[in-house]
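What follows is one structure encoded as structure tokens, with my remarks underneath.
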Amino acid sequence: MRLSRYFLPVLKETPGDAQVISHQLMLRAGMIRQTAAGIYAWLPLGRRVLAKIEQIVREEQVRAGAIEVLMPTIQSADLWRQSGRYDAYGPEMLRITDRHDREMLFSPTAEELFTQIFQNGAKSYRDLPKNIYQIQWKFRDEVRPRFGVLRGREFLMKDAYSFDADFAGAKHSYNRMFIAYMRTFARMGLDAIPMQADTGPIGGDLSHEFIVLAPTGESDVFYHENWLKPRDTSAIDADDADALEGFITGLNADYAATDEKRDLAAESAAGDQLRQSKGIEVGQVFYFGDKYTKAMGVTVQGPDGVPITPLMGSYGIGVSRLVGAIIEACHDKDGIIWPDAVAPFKVALINLRVDDAACAAAAEKLYAELTAAGVEVLYDDRDERGGAKFATADLIGLPWQLVVGPKGVAAGIVELKRRGGERVEIALADAVGRLS
RNA sequence: CGGGGAGUGGCGCAGCCUGGUAGCGCAUCUGGUUUGGGACCAGAGGGUCGCAAGUUCGAAUCUUGUCUCCCCGACCA
């Protein structure tokens, strides 16, 4: 993409109403614009990051056996009355009346709808287990939205819902998602710690929140220092229920809990290895059994002819929140430092002198070759001075900067810089190979 | 929802106390000089001061109402 044709409205100064660093950087880097309290427009650069995160989430969901669907954001109040949550949810739910005075709502989560859709298509125990998910916008009318996309009212969320015939199956479904979450966050360059958590309005008795440690986080969290070491999940076979259960039990032997689930005995057992921090919740998994299936009268036919009430879990990942969470974890004084997997582009190709024929020709050639090699490159071909281009590139945080200047081109050399890391001079002829 | 703060060109702010018809920096446009870390000179465009009512000869400025946004706390992917 040529920057001269792109839409990247960067800001030199920090807008006054942004407090946390991720919010400031997202505004300055031209990723988002606020349109109302807690509601944001996603500009091209932000949209690309969102898509990268979505794709990683999607791949790990598929790997865990979940099936993608897309549900409406606007749902009928009647559906929510079946579970009793229409009255239970409170003012956080955005309620809407249509032209016929029918009561509707903007979905804050979707247990009811998934349960209904499941019942609609599943009649037999042979249809179990199932795990169905979507990546869709949600709306929760937070009393006080803040911190940009970390606490918006409208947010993009992956929500999955599992249906099983018995508790062992349901626990395995829960564990599958658990390990999928570990893998998902690790792929994004995040160390997310699963913590015992409260279940809130979703209900149920088993739940973990996945927390990214960050000083700007809203949750107070407590954990054993063993969690600071990265966990390798690559060898785990998620299809092997016993092995998976054993692995997760092993993980959870190290204490980690959010404020409302603190276990003072476990904390004193951890002794001086106990750590306290602030954290950002980026995902949560719940097991709640037959709470919805029972309330909504959902059953499937069992092998012996007796109806079975499926047991459910639900599993959320805050996709849009992750954009902010990653920036909180990955930035310096000059701007964002994207982990490779979620970077909006891989390379910032910087032409220092658009009016220098040899320099421009070299940059154009690199752009063409990188593009042909399938490298995502943002080519700064604007008629700007070097300083301005470096500042923009640092701000938007692409992992690599390929700098093409007149002196270097004359000597057959370009500069390759790792954002937040070292810079090296390489032969012009080697540049494409190094980046593809 | 309680407590606090703020709405003035695209962004950041001053002016308000002590009413007299709006200013600065950045950004934008034109011309020129520049060109490896957010250049310089000259010129230009852009704001009914959130909205509404009131006081006054006159309101960005005073009064009242209203909307919006932000911060602290209580609540949440």
Within less than 4.0 Å of OP1 or OP2 of [N], is there a side-chain N or O belonging to [X]?
X	N	answer
A:Arg385	B:rA39	yes
A:Lys12	B:rA27	yes
A:Arg140	B:rC75	no
A:Gln34	B:rC70	yes

Let me know the distance between [atom1] of [X] and [atom2] of [N], rounded to the nearest Å.
X	N	atom1	atom2	answer
A:Arg144	B:rC70	CZ	C1'	8 Å
A:Phe147	B:rC76	CZ	C1'	13 Å
A:Phe155	B:rC76	CZ	P	13 Å
A:Gln284	B:rC75	CD	P	16 Å
A:Met93	B:rC75	CE	C1'	16 Å
A:Leu352	B:rU35	CG	P	13 Å
A:Lys389	B:rA39	NZ	P	12 Å
A:Ile413	B:rG36	CD1	P	17 Å

Map A:Phe390 and A:Gly38 onto RNA chain B by nearest heavy atom, then report which one ends up closer to the 5' terminus.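 Final value for this comparison: A:Phe390.
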
Take A:Glu142 and A:Ala36, find for each the nucleotide of RNA chain B with the closest heavy atom, and name the residue whose nucleotide sits nearer the 5' end.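 Comparing both residues, the 5'-ward one is A:Ala36.
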
Mind listing the residues from [range] sitting with a heavy atom below 4.0 Å of RNA chain B? Number order is fine.
range	value
residues 317-333 of chain A	A:Gly318, A:Arg321
residues 42-59 of chain A	none
residues 22-33 of chain A	A:Arg28

According to the Watson-Crick and G-U wobble definitions, with both distances under 3.5 Å, which nucleotide is paired to [N]?
N	answer
B:rG19	none
B:rG36	none
B:rG12	B:rC24
B:rA42	B:rU30
B:rA59	none
B:rC1	B:rG73
B:rG65	B:rC51

Residues in side-chain contact (heavy atoms from CB on, under 4.5 Å) contact with A:Ala373, at least two apart in sequence or another chain: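 Residues passing side-chain contact (heavy atoms from CB on, under 4.5 Å) with A:Ala373: A:Val375, A:Val432, A:Ser436.
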
Checking A:Arg5 now: which residues fulfil side-chain contact (heavy atoms from CB on, under 4.5 Å) with it, not counting sequence neighbours?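 Result, side-chain contact (heavy atoms from CB on, under 4.5 Å) vs A:Arg5: A:Arg2.
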
Give me the distance, rounded to whole Å, that separates [N] from [M] when you measure between the [atom1] atoms they each carry.
N	M	atom1	answer
B:rC71	B:rA27	C1'	28 Å
B:rG4	B:rC51	C1'	23 Å
B:rU56	B:rU61	C1'	13 Å
B:rC70	B:rG50	C1'	15 Å
B:rC26	B:rG43	P	15 Å
B:rC17	B:rU63	C1'	15 Å
B:rG45	B:rG31	C1'	15 Å
B:rG9	B:rC24	P	15 Å

Could you give all pairs that pass the salt bridge (charged side-chain N to carboxylate O under 4.0 Å, His left out) test and reach residues 338-350 of chain A, with sequence neighbours left out?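 Counting only pairs at least two positions apart or across chains, the salt bridge (charged side-chain N to carboxylate O under 4.0 Å, His left out) contacts touching residues 338-350 of chain A are A:Asp340-A:Arg418.
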
Suppose the criterion is salt bridge (charged side-chain N to carboxylate O under 4.0 Å, His left out): which pairs have a residue in residues 179-195 of chain A, not counting sequence neighbours?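 Sorted pair list: A:Glu59-A:Arg187, A:Glu60-A:Arg187.
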
List for me each residue that meets side chain to side chain donor-acceptor pair (under 3.5 Å) alongside [X], sequence neighbours excluded, and say none if there are none.
X	value
A:Asp220	A:Lys278
A:Ser234	A:Asp232
A:Glu209	none
A:Arg321	none

Cation-pi geometry met for A:Arg95 and A:Tyr89 (6.0 Å, 45°):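 No, A:Arg95 and A:Tyr89 do not form such a contact.
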
Using the ring of A:Phe155 (Phe, Tyr or Trp, six-membered ring only), decide whether A:Arg140 places NZ or CZ under 6.0 Å from its centre and within 45 degrees of its axis.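 No, cation not above the ring by the 6.0 Å, 45° rule.
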
With sequence neighbours left out, what residues match A:Lys389 under salt bridge (charged side-chain N to carboxylate O under 4.0 Å, His left out)?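 A:Lys389: salt bridge (charged side-chain N to carboxylate O under 4.0 Å, His left out) contacts with A:Asp380.
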
Could you label the plane-to-plane angle of the A:Phe210 and A:Phe185 rings as parallel, tilted or perpendicular, counting under 30° as parallel and over 60° as perpendicular?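 Ring orientation, 0 to 90° scale: tilted.
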
Just compare B:rG38, B:rG36, B:rC75 and give me whichever is closest to any side-chain atom of A:Arg151.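 The closest nucleotide is B:rC75.
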
Report the nucleotide, chosen from B:rC69, B:rG36, B:rU35, that has the shortest atom-to-atom distance to any side-chain atom of A:Val403.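 Nearest nucleotide to the side chain: B:rG36.
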
Hey, does [X] reach any base, or is it just sugar-phosphate, or nothing, if we go heavy atoms under 4.0 Å?
X	answer
A:Asp355	base
A:Gly148	nothing
A:Gly405	base

With A:Tyr292 as reference, evaluate A:Glu112, A:Gln116, A:Arg85 under the side chain to side chain donor-acceptor pair (under 3.5 Å) test and give the passing residue.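 Option passing the side chain to side chain donor-acceptor pair (under 3.5 Å) with A:Tyr292: A:Arg85.
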
Under the side chain to side chain contact (heavy atoms under 4.5 Å, CB included) test against A:Ile337, which residue among A:Asp332, A:Ile327, A:Ile326 passes?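 Of the listed residues A:Asp332, A:Ile327, A:Ile326, the side chain to side chain contact (heavy atoms under 4.5 Å, CB included) partner of A:Ile337 is A:Asp332.
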
Between the base of B:rC69 and the side chain of A:Arg146, is there any donor-acceptor pair under 3.5 Å?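 No, no donor-acceptor pair under 3.5 Å.
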
Counting only distance, no hydrogens or angles, is the base of B:rG25 paired donor-acceptor with the side chain of A:Glu13 under 3.5 Å?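 Such a pair exists between side chain and base.
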
Modelled atom types, side-chain donor and acceptor of A:Ser162 and A:Tyr315, under 3.5 Å: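 Distance-only check passes for A:Ser162 and A:Tyr315.
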
